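Have a look at the structure below before the remarks.
Residue numbers start from 1 in every chain, and the chains themselves are labelled A, B, ... in the order their sequence lines are given, proteins ahead of strands. All figures in this text were calculated on a predicted structure; none of them were measured in a lab.
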Amino acid sequence: MSNPLDLSGRSVLVTGASSGIGRETCALLSTLGARVVLVGRDRARLEATWRALTGEGHVVEVFDLTNLDEIPKWLQGITAVTGPLRGVVHAAGMHAAVPAAMLTPQKLEQVLRINVGAAAMLARAFRQRNCSAPDSSIVFVSSVAGIAGSAGISAYAASKAALIGLARALAMEFAPLRIRVNCVVPGWVQGEMLERFRAQLTPQQFQAIEAMHPLGIGKPGDVANGIAFLLADSGGWITGSALIVDGGYTAH
Amino acid sequence: MADNSKLLSAICELVEVPAGTLDAAAKLDELENWNSLSVLGFLAYVDENYGVALSPEKITACKTVDDLLNLVAQSK
C-alpha cells in the first residue's frame with residue numbers, strides 16, 4: 001500500500017532546525033524518507049538535530065536568515081549540491097512580548113524581518129530555476145496569534161498574520177509552477193519559545209494561556225505532523241490554506 | 001543619576017503620564033495605568049535596554065516607582 005506521507009528521495013529544507021517545531025519537523029521528515037537540509041545560526045545545535053535524524057544524506061547549513069538579500073544566491077549554492085528541493089519549511093522565527101506602549105520601530109523591524117521577510121525571500125529563492133522541482137511545497141509556520149487577538153504581542157501577531165496573507169498570494173502566483181504554498185497555524189507548544197515567554201509572565205498570566213488550549217499545551221511533534229501532511233502528496237490538492245493545529249485554541 | 005532619569009521616563013511612557021510628572025515615591029497601585037500589561041512592558045524595556053531579565057514576580061512585588069528603579073539597579 002502506498003503511503004501518502006512518504007517523502008522518499010525528496011529533499012526538504014527546514015529553517016529554525018535547531019529547536020522546537022523546526023527540530024521536530026526535521027526528525028519527522030527524515031523518518032518519512034526525506035533528505036533534510038537543516039538551517040540555523042548555531043552549528044553545534046544543528047548538528048545535535050542532525051545526529052537525531054533517520055536515514056542519510058542530511059545536510060547542515062549554518063546561515064543567518066536576517067541577511068535577506070543573500071537568500072536567493074545562498075539557496076542556489078545549496079541546491080547546486082543537493083539538487084532541486086521538493087519543499088521548504090520556514091519554522092525559524094522570534095516571539096516578542098512587548099506591549100504597544102513599549103514597542104519600538106527597531107523591535108517591529110526585527111520581528112518582521114525574520115518571521116516574514118525571510119519567508120518571502122525563501123519563497124522567491126525557491127521558485128528560481130533549479131532550486132525547486134515541480135510538485136513541490138512551501139510551508140510557513142504561522143501562529144494562532146495571527147488570527148486570535150492577545151494583548152502584549154502585537155508585533156508577533158502582525159508577523160504571523162502576514163504569513164497567512166503571504167502564503168495565499170504566493171499560492172496564486174506559484175500555482176502555474178506547481179508549487180503549493182500553505183501555513184500551519186499552531187497554538188502554544190512545549191519548548192524554548194514557550195519557556196522564554198513563561199519567564200516573562202506571572203503564574204496567573206501563564207495559566208490563562210494554558211486554559212486557552214482545551215487539549216492542553218501541545219508538543220512540537222503535533223505541529224510537525226501538520227507540516228508533513230502539507231508537504232507530502234497527502235496535501236497535493238491543498239494550496240493557500242492555513243491549517244490550524246492548536247489544541248482547540250481558536251475554537252472558543 | 002542619569003540612568004535613572006531614562007528609566008523614569010520609560011515608566012512614565014508605560015503608565016501614560018507626562019514625562020517628568022512621576023515621583024520616585026509614587027505608589028504603583030495608585031497609578032491608573034499600572035497593570036499586568038505594564039509588568040510585561042517594563043520587563044521588555046529593561047531586557048531590551050539593560051540586557052537584564054527580571055522576573056515578573058519581582059516586578060509585581062514592587063510597591064513604588066522607587067522599588068522598580070532599585071530592582072533594576074540591583075539586577076544589573
Side-chain angles (χ1 to χ4, degrees), chain A residues 19-20 41-42 66 93-115 143-146 148-160 187-188 191-212 217, chain B residues 3-23 26-65 67-69 71-76:
Chain A
S19 67
R41 286 171 299 181
D42 186 326
T66 61
M94 68 175 291
H95 186 253
V98 186
M102 289 286 107
L103 186 61
T104 59
Q106 291 77 16
K107 178 56 82 179
L108 184 62
E109 201 271 341
Q110 188 187 13
V111 172
L112 290 174
R113 176 171 280 263
I114 182 64
N115 293 7
S143 160
V144 289
S150 189
I153 55 167
S154 56
Y156 180 71
S159 74
K160 293 299 184 179
W188 278 102
E192 292 158 39
M193 191 182 276
L194 181 63
E195 288 313 307
R196 276 198 299 272
F197 191 33
R198 189 208 286 259
Q200 293 174 289
L201 301 174
T202 62
Q204 293 80 358
Q205 285 171 321
F206 185 75
Q207 279 156 17
I209 289 172
E210 266 186 317
M212 284 297 290
I217 298 285
Chain B
D3 214 18
N4 261 358
S5 71
K6 187 180 159 213
L7 189 54
L8 204 51
S9 323
I11 298 171
C12 287
E13 207 172 331
L14 195 59
V15 297
E16 296 167 67
V17 302
T21 60
L22 207 52
D23 193 75
K27 291 196 167 65
L28 294 172
D29 60 9
E30 288 173 8
L31 296 170
E32 196 185 342
N33 290 312
W34 180 258
N35 53 34
S36 60
L37 211 52
S38 325
V39 173
L40 192 59
F42 185 70
L43 205 135
Y45 180 85
V46 172
D47 186 24
E48 187 80 18
N49 290 275
Y50 304 98
V52 171
L54 299 174
S55 90
E57 282 89 349
K58 283 195 175 158
I59 301 175
T60 50
C62 289
K63 301 281 181 231
T64 64
V65 169
D67 290 343
L68 285 177
L69 300 176
L71 175 62
V72 175
Q74 287 159 13
S75 307
K76 269 195 254 182

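B/E48 touches chain A through its side chain: at least one heavy atom from C-beta onward sits under 4.5 Å away, while N, CA, C and O do not. Residue contact with chain A, scored on non-hydrogen atoms closer than 4.5 Å, involves the side chain of B/T60 exclusively. For A/Q205, the part sitting under 4.5 Å from any heavy atom of chain B is the side chain, from C-beta outward, and nothing else. Looking at B/L43, only its side chain comes within 4.5 Å of chain A, counting heavy atoms on both sides. Within the 4.5 angstrom heavy-atom criterion, only backbone atoms of A/A199 (N, CA, C, O) approach chain B.
Atom CG of B/L14 is separated from atom CE of A/M102 by 4.5 Å, given to the nearest 0.5 angstrom. To the nearest 0.5 angstrom, B/D47 atom CG is 11.0 Å from A/R196 atom CZ.
When every heavy atom of A/V98 is checked against every heavy atom of B/A44, the shortest pair comes out as CG2-CB, 4.1 Å.
Atom NZ of A/K107 sits in a crowded spot, with more than 12 heavy atoms from other residues, nucleotides or ligands closer than 6.0 Å. For B/E32, the CD atom sits in a loose shell: 12 or fewer heavy atoms of surrounding residues, nucleotides or ligands are nearer than 6.0 Å.
Counting heavy-atom pairs closer than 4.5 Å to chain B, the top-ranked of the candidates A/P99, A/A97, A/A96, A/A101 is A/P99.
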